[in-house]
Amino acid sequence: MNYKVYYFYPPNIDEPQLVMMVHNDELKKRRGPFKKTWRRFEAKGWSIQEIKPKEKKYAKKYIHPQTGDIV
């Protein structure tokens, strides 16, 4: 995955929340537009949370033919 998802939550319930998908290259820039947006929202009291993708738990488990243990 080449991007990350951030949720911006406002201090007041009346305001809508903001969701941003940001490319990893953009996160590396110290003075990029995303960092400026982050700082502006933090200064206004918004809380910011990164949403991490769920890990896949569908890995197949095999039984070892000689020992019978799950691999």
Side-chain angles (χ1 to χ4, degrees):
M1 291 179 66
N2 294 332
Y3 64 90
K4 292 187 179 182
V5 179
Y6 289 91
Y7 281 0
F8 292 77
Y9 294 102
N12 301 333
I13 298 173
D14 300 331
E15 299 178 35
Q17 68 180 9
L18 176 74
V19 179
M20 292 183 77
M21 289 179 62
V22 184
H23 197 272
N24 286 341
D25 294 340
E26 188 66 34
L27 293 172
K28 295 176 185 175
K29 298 178 185 176
R30 294 184 75 189
R31 297 185 181 187
F34 177 71
K35 294 288 183 168
K36 288 180 182 178
T37 305
W38 179 295
R39 282 189 233 115
R40 286 181 186 153
F41 280 113
E42 258 187 347
K44 292 180 181 180
W46 287 52
S47 59
I48 302 159
Q49 179 184 8
E50 177 186 354
I51 305 300
K52 296 185 180 181
K54 294 181 181 178
E55 295 180 13
K56 295 182 180 178
K57 297 183 180 179
Y58 302 112
K60 293 183 179 178
K61 297 180 180 179
Y62 299 100
I63 297 176
H64 192 275
Q66 293 177 346
T67 61
D69 296 334
I70 297 176
V71 181

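This chain uses plain numbering: 1 for the first residue, then up along the sequence.
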Review point. What pairs meet the side-chain hydrogen bond (donor to acceptor under 3.5 Å, both in side chains) rule with one or both residues in residues 35-44, with sequence neighbours excluded?
Key: W38-E42
Practice item. First locate atom OH of Y9, then atom CD1 of I48, and finally report the distance between them rounded to the nearest 0.5 Å. Key: 11.5 Å
Study note, to complete from the structure: CG (L18) and CH2 (W46) are apart, to the nearest 0.5 Å, by 6.0 Å
Review point. How would you list, by chain and number, every residue that makes a side-chain contact (heavy atoms from CB on, under 4.5 Å) with D25, sequence neighbours excluded?
Key: H23, K28
Study note, to complete from the structure: Closest non-hydrogen atoms of Q17 and F8, given as atom of the first, atom of the second and distance, are CB-O, 3.4 Å
Review point. Which residues pass the side-chain contact (heavy atoms from CB on, under 4.5 Å) test with L27, sequence neighbours left out?
Key: K4, Y6, V22, N24, F34
